[in-house]
Amino acid sequence: MNELITGILGNYSHFFNMAEFTSVVYNPMNWAIIGSLILLEGLLSADNALVLAIMVKHLSKNHQKRALFYGILGAYLFRFIAIGLGTYLIKIWWIKAAGALYLLWMAFQHCFYKKNGKDNAVTETPHGFWRTVLAVEIMDIAFSIDSVLAAFGISDHVWVLYLGGIFGVMMMRGVAQIFLTLINIYPELETTAYILISIIGAKMMASVFNYHVSQTVFFSILITIFFGTFVVHHCRKRNA
């Protein structure tokens with residue numbers, strides 16, 4: 001038990017190592033990973049920003065901004081805790097296998113059991129300011145779990161994951177409408193996100209058996225699938 005606690009605390013020390021931070025910032029491959037995390041967060045969470053907007057709409061304009069701001073701070077804190085803890089625990093083979101199976105199940109569930117949409121699941125009951133903030137925090141954490149777990153399948157560097165998470169949250173709140181518009185124009189992108197999730201899950205599961213895919217091959221596959229979505233869409237539209 002002491003070894004576990006020491007290992008987890010030692011893992012958090014990476015957040016305060018400036019040499020590691022600068023090595024991440026000046027490595028182009030790391031920015032490719034961060035970009036992938038931002039894109040994945042945007043595709044998975046575009047409609048989540050609208051759900052949060054519905055949750056705070058009964059507040060005054062000033063309080064709406066404050067509630068969402070506190071929600072962002074909570075999302076950053078959650079990612080700090082989850083990434084520091086997760087990048088240590090994910091090295092344990094059965095935890096990694098469980099995470100991989102969960103990602104594969106997410107993709108399977110999306111393909112074969114379509115959901116009706118998250119917006120319909122939200123019924124707004126007006127609360128006071130702090131109760132609304134608490135509800136936003138809880139919803140933020142619930143929305144973050146899938147994207148954080150998927151991130152562990154892409155990288156194990158805490159600063160890469162945290163920067164991807166920070167920019168991903170900013171993306172979700174700041175330009176969610178752009179992603180929603182993009183998904184409305186190219187509805188196949190929603191399925192693409194879960195195809196990418198399944199590939200990440202397969203990569204994570206393969207690493208359990210000590211089979212590691214090179215980053216170059218992995219990102220080539222992700223990029224090909226992402227841009228292939230637009231080709232598929234236009235082919236379908238032309239043949240319709």
Side-chain angles (χ1 to χ4, degrees), residues 3-45 48-49 52 69-104 106 136-174 193 196-197 199-205 207-208 212-213 215 218-219 222:
E3 183 180 347
L4 176 65
I5 295 173
T6 302
I8 291 173
L9 291 177
N11 208 44
Y12 278 105
S13 68
H14 294 292
F15 279 108
F16 306 99
N17 188 323
M18 290 308 298
E20 288 194 24
F21 174 73
T22 53
S23 69
V24 166
V25 170
Y26 291 110
N27 187 328
M29 178 54 76
N30 287 332
W31 283 105
I33 298 171
I34 291 169
S36 299
L37 295 174
I38 295 171
L39 179 64
L40 194 60
E41 178 97 40
L43 292 176
L44 289 174
S45 306
N48 296 348
L52 296 177
F69 175 72
Y70 291 144
I72 288 178
L73 292 183
Y76 289 163
L77 178 61
F78 171 73
R79 277 166 168 74
F80 176 80
I81 295 170
I83 289 169
L85 185 64
T87 49
Y88 180 81
L89 295 179
I90 206 72
K91 295 173 184 175
I92 302 172
W93 74 267
W94 62 268
I95 292 180
K96 181 181 286 188
L101 287 173
Y102 176 73
L103 293 178
L104 293 170
M106 275 177 57
V136 168
E137 296 288 3
I138 293 171
M139 193 65 73
D140 257 325
I141 291 173
F143 287 156
S144 299
I145 290 173
D146 292 346
S147 56
V148 168
L149 184 57
F152 292 146
I154 296 178
S155 176
D156 59 358
H157 296 291
V158 293
W159 267 113
V160 171
L161 295 175
Y162 195 58
L163 288 174
I166 287 175
F167 292 132
V169 171
M170 292 171 62
M171 177 74 72
M172 185 181 81
R173 296 295 177 80
L196 298 181
I197 287 287
I199 292 172
I200 293 168
K203 177 179 178 287
M204 189 184 292
M205 182 61 77
S207 68
V208 172
H212 300 280
V213 180
Q215 293 287 52
F218 177 64
F219 282 108
L222 295 189

So CE of M106 and CG of L101: to nearest 0.5 Å the spacing works out to 13.5 Å

Residues R79 and I166: closest non-hydrogen pair is CD-N, 4.5 Å

Note: A100 and M205 closest approach over all heavy atoms is CB-N, 3.6 Å

Side chains of N27 and W31: does their closest heavy-atom pair fall under 4.5 Å? no

- request: Answer whether the closest heavy-atom distance between the side chains of Y12 and V158 falls below 4.5 Å.
  value: no

**Prompt:** So, do F16 and F21 have ring centers that fall under 6.0 Å from each other?
**Reply:** no

Value for OG1 (T22) from OH (Y26), rounded to nearest 0.5 Å, stands at 7.0 Å

Nearest heavy-atom contact between L163 and V24 is CD1-CG1, 4.1 Å

dist L149:CG -> L103:CG (nearest 0.5 Å) comes out at 4.5 Å

Within the side chain of Y76, is there an N or O that forms a donor-acceptor pair under 3.5 Å with the backbone of Y162?
no

Rounding to 0.5 Å, atoms CE (M204) and CD1 (I200) come to a distance of 8.0 Å

Heavy-atom check, side chain of F219 versus side chain of M29, under 4.5 Å
yes

For L104 and A202 the tightest heavy-atom approach is CD2-N, 3.9 Å

Original post:
Quick one: are I33 and F218 in side-chain contact, heavy atoms under 4.5 Å?
Top reply: no

Check your understanding: Can any side-chain N or O of W159 pair as donor or acceptor with the backbone N or O of E20 at less than 3.5 Å?
Key -> no

Q.
Any side-chain to backbone donor/acceptor pair from Y102 onto G201? Under 3.5 Å, distance only.
A. no

Note: A150 and L40 closest approach over all heavy atoms is CB-CD2, 3.9 Å

In this structure, CD1 of I154 is separated from NZ of K203 (nearest 0.5 Å) by 8.0 Å

The reported gap from OG in S155 to CG in N30 (rounded to nearest 0.5 angstrom) is 7.0 Å

Steps toward side chain to side chain contact (heavy atoms under 4.5 Å, CB included) verdict (F152, D156) = CA-CA 6 Å; F152 292 146; D156 59 358; over 6 Å; no

Between I38 and F167 the two heavy atoms that sit nearest each other are CD1-CB, 3.4 Å

